[in-house]
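Protein chains get the first letters and strands the later ones, always in sequence-line order, with residue 1 at the start of each.
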Amino acid sequence: MSIEAKLTPIRKGLLEFLVLKIVGARSVYVPDILRRLAGTEFATQEGTLYPLLSKLRREDLVQYQWQESDAGPPRKYYRLTPAGQAQLAALDDYWNRINRTVSDIGS
Amino acid sequence: MQRIYITARLNGVNLQFDEAAYVRLESYLAEADRALDGNPDRAEILADLEQAIADQCRQRMRADQVAVTLRHLGPALEEIGPVQAPGVESAPEQPARAEPRRLEQVSEGALISGVCLGIARYLQVDVTLVRVIAVLLLFVSGGSMVVVYLILMLLLPYAPAQAGGAPIGKLPTKSREFVEFVRSKFSVATS
């Protein structure tokens with residue numbers, strides 16, 4: 001198994017967490033999220049992001065509002081629901097704990 | 001000669017496509033539709049994607065260009081990427097090993113012995129169709145269909161049981177016992 005094949009599921013698992021973080025920071029629309037992730041290890045495309053956002057919406061973690069834009073059709077702006085904020089806090093906490101464990105073990 | 005363009009309505013936005021681009025668009029959307037099969041938000045995600053495609057294409061078109069061509073659509077779809085359902089491994093997965101198709105009988109979900117089911121699976125058609133044809137042939141052939149069925153039942157190998165397959169009914173169990181009994185006699189007789 002190549003290294004890349006081992007890293008892919010880690011990235012995939014963390015993507016949802018990162019999207020929650022981005023949406024949690026401020027109300028964003030999809031190109032904002034893509035731009036934030038572009039150039040990182042988590043660079044993502046719309047084909048992946050739209051299904052993920054709709055899953056998060058179904059789980060009642062994010063919600064969106066239509067906002068008129070100066071150029072083109074109205075846009076969907078996403079933000080976290082209270083349940084989304086709670087989940088983000090829990091994920092953040094868990095992430096910090098495993099991060100500590102990973103750096104403690106073996107040192 | 002006049003160029004013919006096709007108008008596609010992408011999430012309420014009318015855009016003109018040349019034929020090659022239109023074919024490409026259709027295949028992308030069909031692929032997306034397949035990837036979202038069973039997703040309760042399929043319609044909404046498809047609308048979002050259509051919107052993204054329309055936006056991306058228009059960004060790439062010069063003001064004097066009236067129709068989307070592959071020069072616009074190709075990079076646009078490249079940027080949007082293939083549709084991936086969340087949580088589904090889609091990265092360089094081992095492609096499902098294409099097994100050679102074999103004519104076998106299938107005990108799970110069989111009515112008699114699974115010959116029709118096996119034929120349906122082999123031909124990739126609805127099993128009901130095969131069964132109806134078999135019954136029709138039974139009447140038309142004046143009973144020789146029974147012999148054909150028996151021969152197939154005795155000769156066709158059994159498909160390996162699949163995890164989560166339908167339970168094996170009473171008659172298929174009996175017929176399988178019978179087939180195995182006959183086969184054991186036969187192999188004794190020939191050895």
Are [Y] and [X] co-members of a hydrophobic cluster defined by side-chain heavy atoms under 4.5 Å apart?
X      : Y      : answer
B/V146 : B/I119 : yes
B/M145 : B/L129 : yes
B/I168 : B/V106 : no
A/V28  : A/L91  : yes
B/L136 : B/V130 : no

Would the number of heavy atoms belonging to other residues, nucleotides or ligands and lying under 6.0 Å from [atom1] of [X] be above 12?
X     : atom1 : value
A/R58 : CZ    : yes
A/Q67 : CD    : yes
A/I3  : CD1   : no

Give, as side chain, backbone, both or neither, the part of [X] having an atom under 4.5 angstrom from any heavy atom of chain A.
X     : result
B/N39 : side chain
B/L77 : neither
B/E78 : backbone

| query | Does anything in residues 75-87 of chain A get under 4.5 Å of chain B by heavy atoms, and if so which residues? | reply |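 Residues in range: A/K76, A/Y78.
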
| request: Determine which residues belonging to residues 33-54 of chain A lie within contact range of chain B, meaning some heavy atom pair is under 4.5 Å apart, and list them by number or answer 'none'. | output: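 The residues closer than 4.5 Å to chain B, in numerical order, are A/Q45, A/E46, A/G47, A/T48, A/Y50, A/P51, A/L52, A/S54.
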
